[in-house]
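Read the structure below first, then the notes.
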Amino acid sequence: MRYSDFVIRIEDTDQSRKVEDAEKNLISTLEWAGIIPDESPLHGGNYGPYVQSQRLSIYRDYCTQLLEDKNAYYCFSTSEELEENRQLQLKQGLQPKYNRTWLPEEMGGNMPESEIRKKLDEGVPYVVRMKVPDYVSVWFEDLIRGPVEFDSSTIDDQVLMKSDGFPTYHFASVIDDHLMEFTHIIRGEEWLPSMPKHLLLYEFFGWEAPKFAHLPLLLNADRSKLSKRQGDVAVEDYIRKGFSPDAIVNFVALLGWNEGEGSEQEVFSMDELIQKFSLERVGRAGAVFNVEKLNWLEKQYIKTRPVERIVSAIKPLLLKELQEKPFEMPEERITSDAYLEQVVDLMRERVNYEHEFVTYSNYFFFEPESYDAEAVEKRWTSEIPGLLREFASVLESSEDFGAEAIEAALKAFVAPKGLKPAVLIHPLRIATSGVGFGPSLYHMLEVLGKETVIRRVQRGIERIGQSA
RNA sequence: GGCCCCAUCGACUAGUGGUUAGGUCAUCACCCUUUCAAGGUGGUAGCACGGGUUCGAAUCCCGUUGGGGUCACCA
């Protein structure tokens, strides 16, 4: 069942802030997350164009209407004059507000019509401002916050059309939301203070306003509005780190929303979210973006993701690595699905991101370049090389190189000598992987294969030697 | 500063007048164990404060404090 349409409209009314490819990146990031627009500049739709800079004539027409209805007026004040006025008001302890120099006489101001005509005829650049009525109460019911009320006397005569002929966000968005028949505006709480301006515009045009929901803000650790300068903010930053769409979507959904009614579920698929999400269950307080829980969620998904999916995701990464670094084992073998599936199964509970199946598990593909000094220090004693050499020849002659067989062989080897398996287990791990941690040793050796294991043990002995 | 929003463990939150205030992440301890993880068990930790309303307030009302947002020819 289809509940709604999701429309992307590009609000590019500030020419000075144009960013190359921003629009394409935005849409592709959403698609990465599995959020596909029904209508957008790239997807088409019946309400286009979906780019505001291509709708300029529409805004001009509606602006003319407002001007004729005396709900808006021309303003020729320069930014210097505006700034001067602001400073003056500040000095007098007043709230900075446009002083309505250019409000026409017939709208209750002091500017004669002739003066305005003159400026217009001279071609002096101007701006169009909305005439905010004095002392009226503007009220609406927010879907998340309930009733909110404003006094119009606290709001400024908002600029609707800029001197470059482009509309401001406030003007363009109201017009487009109406023309595109939006039923719900769901946006960040930072927009709440501009509600009265928007509501007044709907009133001027005689349009029914859509439903509004102002979402709680995402916060930095210090509880300020999430921003650059304080770590990663853009989804792209998290993509780059290796987070999956599953985890990101799940995590963000939980920031401000919860299923409620005693539910203790933390992991939600996109389908579940679509089915269960509701604005009624969105909280009102801002939520700190805490990466630790995101990390945990990512691991949850890695643990349960079908092995084939992981394999196909990591294979390109591996192929690239193999091109850049020398490797010892046959390429067909280590790039085969069967081999990779074994690696994934051994490592999936130990990695944080998918790309770590290649990087963190590099010894499944490359011979160790070095041996962890701390582990060597702790586990590599002077008798180890001898024992290892001896055990290697045991392995050499064994026909079964399965994990269980290796385990049995090691125990049988070590027992008569009165040694514990651990004495050999750790050095074997160091010699074959280069590090002191990892999956079950026996299973790891089985996956690496007899030839590789024996070769690496010999190389390890040569390179680590009696050093410890 | 004006206006607006908000307020339960360190973080995300459940809770809608009567609960030993629950869960998740993080953290600590223990167990499991060849390492690292994963897993299991248990623990530390919270209703900002003050007034009301009520037999009874985390829950309702008022105030205080605190935090945030916003006050552009930016969105």
Side-chain angles (χ1 to χ4, degrees), chain A residues 11-14 16-17 52 75 77-79 82-83 86 90 93-98 125-129 142 144-146 148-151 153-156 158-170 172-173 187-196 214 216-217 219-225 251 254-267 281 283-297 299 303 346-352 360 375 378-379 407 410 420-430 433 435-442 444:
Chain A
E11 315 214 300
D12 58 344
T13 53
D14 185 353
S16 66
R17 293 211 310 178
Q52 289 185 328
C75 167
S77 299
T78 63
S79 40
L82 256 22
E83 184 54 33
R86 203 190 326 272
L90 245 25
L94 298 167
Q95 292 305 314
K97 211 173 153 186
Y98 178 57
Y126 62 84
V127 114
V128 177
R129 288 179 184 271
D142 189 275
I144 292 171
R145 283 150 219 285
V148 184
E149 193 176 6
F150 301 86
D151 181 345
S153 63
T154 64
I155 49 187
D156 215 343
Q158 176 65 41
V159 170
L160 264 20
M161 286 298 250
K162 300 184 266 189
S163 55
D164 63 0
F166 276 67
T168 57
Y169 162 82
H170 303 285
S173 71
R187 57 182 11 167
E189 193 190 333
E190 74 260 39
W191 289 109
L192 208 43
S194 44
M195 269 310 285
H214 288 90
L217 258 22
L219 272 25
N220 296 304
D222 67 358
R223 304 204 77 87
S224 61
K225 179 168 134 182
F251 177 66
L254 255 24
L255 249 27
W257 174 86
N258 74 87
E259 196 182 357
E261 292 183 21
S263 163
E264 286 174 3
Q265 187 174 344
E266 300 285 337
V267 180
R281 291 225 46 95
R284 285 154 310 205
V288 172
F289 191 98
N290 178 231
V291 193
E292 279 170 345
K293 189 153 182 180
L294 211 207
N295 288 332
W296 174 79
L297 266 172
K299 288 186 124 177
K303 274 164 61 182
L346 283 183
M347 296 302 291
R348 74 191 316 159
E349 282 180 352
R350 285 161 245 268
V351 301
N352 300 299
Y360 193 75
K378 193 171 170 193
R379 311 286 193 180
E407 180 170 3
L410 186 134
K420 284 184 176 174
V423 172
L424 219 48
I425 283 174
H426 297 291
L428 266 173
R429 179 189 298 286
I430 295 167
S433 74
V435 292
F437 55 89
S440 152
L441 177 80
Y442 308 118
M444 180 179 110

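Throughout, protein chains are lettered first and strands after them, A, B, ... in sequence-line order, and every chain is numbered starting at 1.
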Given that both distances must come in under 3.5 Å, which nucleotide forms a Watson-Crick or G-U wobble pair with [N]?
| N | result |
| --- | --- |
| A38(B) | none |
| A26(B) | none |
| U16(B) | none |
| U59(B) | none |
| U53(B) | none |
| U65(B) | A7(B) |

Spell out yes or no: do the side chain of R145(A) and the base of C5(B) have one donor N/O and one acceptor N/O closer than 3.5 Å?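 When only heavy-atom distances are counted, R145(A) does not reach the base of C5(B) through any donor-acceptor pair under 3.5 Å.
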How would you list, by chain and number, every residue that makes a ring pair (Phe, Tyr, Trp, His ring centres under 6.0 Å) with Y442(A), sequence neighbours excluded?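 Ring pair (Phe, Tyr, Trp, His ring centres under 6.0 Å) check on Y442(A) returns nothing, list empty.
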Name the nucleic acid region contacted by [X], choosing base, sugar-phosphate or nothing; use a 4.0 angstrom heavy-atom cut-off, strictly under.
| X | result |
| --- | --- |
| E259(A) | nothing |
| G256(A) | sugar-phosphate |
| L255(A) | sugar-phosphate |
| K420(A) | nothing |
| V423(A) | nothing |
| K97(A) | nothing |
| F166(A) | nothing |
| R429(A) | base |

Those residues that, when tested against E149(A), pass salt bridge (charged side-chain N to carboxylate O under 4.0 Å, His left out) (two or more places apart):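 Per chain and number, E149(A) pairs via salt bridge (charged side-chain N to carboxylate O under 4.0 Å, His left out) with no residue.
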Which parts of nucleotides 68-75 of chain B does protein reach within less than 4.0 Å, heavy atoms only, written one letter per nucleotide 5' to 3' as B for base, S for sugar-phosphate only and - for none? SBS-SBBB
Taking protein heavy atoms under 4.0 Å as touching, what does nucleotides 19-27 of chain B look like 5' to 3' if B marks base contact, S marks sugar-phosphate-only contact and - marks none? ---SBBSS-
At under 4.0 Å, does any side-chain N or O of R281(A) touch on OP1 or OP2 of A14(B)?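 So the side-chain polar atoms of R281(A) do come within 4.0 Å of the phosphate oxygens OP1 or OP2 of A14(B), strictly under.
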Kindly write out the residues that satisfy side chain to side chain contact (heavy atoms under 4.5 Å, CB included) with R348(A), not counting sequence neighbours, or none if the list is empty.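 Listed in chain order: I302(A), R305(A), V307(A), I310(A), V344(A), D345(A), F357(A).
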Considering residues at least two apart in sequence or located in another chain, which fulfil the side chain to side chain contact (heavy atoms under 4.5 Å, CB included) criterion with L254(A)?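 In terms of side chain to side chain contact (heavy atoms under 4.5 Å, CB included), with neighbours along the sequence ignored, L254(A) is linked to N250(A), W257(A), E266(A), F268(A).
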Please work out whether the ring planes of Y360(A) and F437(A) are parallel, tilted or perpendicular, with thresholds of 30° and 60°.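 Correct class here is tilted.
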